[in-house]
2 protein chains.
Amino acid sequence: MRKENSTNTLNKQNLEKECGMSYALTTIGGRWKPAILWRLCKGKMRYSELRDAIPNVTERMLVLQLREMEKDGLIKRIVYAEVPPRVEYEMTVKGNSLRPILKSLSDWGDENRL
Amino acid sequence: MRKENSTNTLNKQNLEKECGMSYALTTIGGRWKPAILWRLCKGKMRYSELRDAIPNVTERMLVLQLREMEKDGLIKRIVYAEVPPRVEYEMTVKGNSLRPILKSLSDWGDENRL
DNA sequence: CAGCATCCAACACGATACTG
DNA sequence: CAGTATCGTGTTGGATGCTG
């Protein structure tokens, strides 16, 4: 009988019990997160810049992924009290601590995709 | 109008055009891949060992994820012509080239999940 | 400008039963 | 032992239209 516990759905808590790798991968592995992180690694960007820089992303998904990464403390959302409104996104300290890993992943990917 | 090309679905080809990071993350980022890779990093294992070592995984998902990683060249499937049958899974050279990155991800995760 | 709300299709995933 | 087949469902994500 392969059913050790009651919570069978995938969530961060489940994963945490297993190992940090899963936590890391669910944190950066979202559908559009690589694309976003890739851009933000090069410096802060405003919402419309991100949207225009990432091909095919819908605003719905862009916002969802940004919110998740904000919640996870990877990025900062900075709202300027201006008209028209301006919002910028920027890596946090925690987000920047991922830089070398993101670079490694990117390099590995470039070398290994045929 | 945000629709540059016709193939709007997510696939490796799409991602490749963007950057290696997405390729890397879709390659190792499956639902059970971290758990599998984590085990196989420590040495070859047979199917039943993997199944028993990973809590809550169904055989269906285990096989699906193993097949994907085999297809991506990360792991090797070794079938012994014996009765009862024996199948072992092992990291390939390409898979092993991921080791330091997997370690980094794991360490980052352990440090950053609260 | 920077989003949010709603709807809906596709897919991922689990449960269960069966097999070479 | 090491899987496969089938089914049902919850989630993911795209399309579209609306808003402070």
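Lettering follows sequence order; numbering is per chain, from 1.
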Nearest-nucleotide comparison on DNA chain C, the residue closer to the 5′ end among B:P85 and A:E88: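 Looking at DNA chain C, the more 5' nearest nucleotide goes with A:E88.
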From [atom1] of [X] over to [atom2] of [N], roughly how many Å is that when rounded to an integer?
X	N	atom1	atom2	value
A:L62	D:dG13	CG	P	13 Å
B:E59	D:dA2	CD	P	10 Å
A:R86	C:dC1	CZ	P	13 Å
A:I36	C:dA2	CD1	C1'	14 Å
A:L64	C:dA5	CG	C1'	12 Å
B:R67	D:dG3	CZ	C1'	7 Å
A:R31	C:dC11	CZ	P	13 Å
B:Q65	C:dC11	CD	P	17 Å

Ignoring the backbone of [X], work out which of [options] is nearest its side chain.
X	options	answer
B:M61	C:dG3, C:dC13, D:dG3	C:dC13
A:Y47	D:dA2, D:dG14, C:dA2	C:dA2
A:T58	C:dA2, C:dG3, D:dA15	D:dA15
B:R77	D:dA2, C:dA15, C:dG3	D:dA2

Side-chain N or O of B:S48 closer than 4.0 Å to phosphate OP1/OP2 of D:dA2: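 For B:S48, the contact criterion (side-chain N or O under 4.0 Å from OP1 or OP2 of D:dA2) is met.
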N or O in side chain of B:W32 less than 4.0 angstrom from C:dG14 OP1/OP2: yes
Set of residues satisfying side chain to side chain contact (heavy atoms under 4.5 Å, CB included) with respect to A:E70, sequence neighbours excluded: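 Testing A:E70 for side chain to side chain contact (heavy atoms under 4.5 Å, CB included), a comparison that skips the adjacent residues, returns A:R67, A:I75, A:R77.
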Sugar-phosphate only, base, or nothing, as touched by A:Y89 at under 4.0 Å among non-hydrogen atoms: sugar-phosphate
Touch class at under 4.0 angstrom, heavy-atom based, for A:R60 against every strand present: base
Geometric class of the A:Y47/A:Y89 ring pair [parallel <30°, tilted 30-60°, perpendicular >60°]: tilted
Lys NZ or Arg CZ of A:R113 over B:Y23 ring: under 6.0 Å, within 45°: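 Relative to the ring axis of B:Y23, which defines the angle, A:R113 lies outside at least one limit.
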Nearest heavy-atom neighbours spanning A:M91 and A:G95: CE-O, 3.3 Å
Pairwise distance CE(B:M45) to CG(B:D52) - rounded to 0.5 angstrom: 8.5 Å
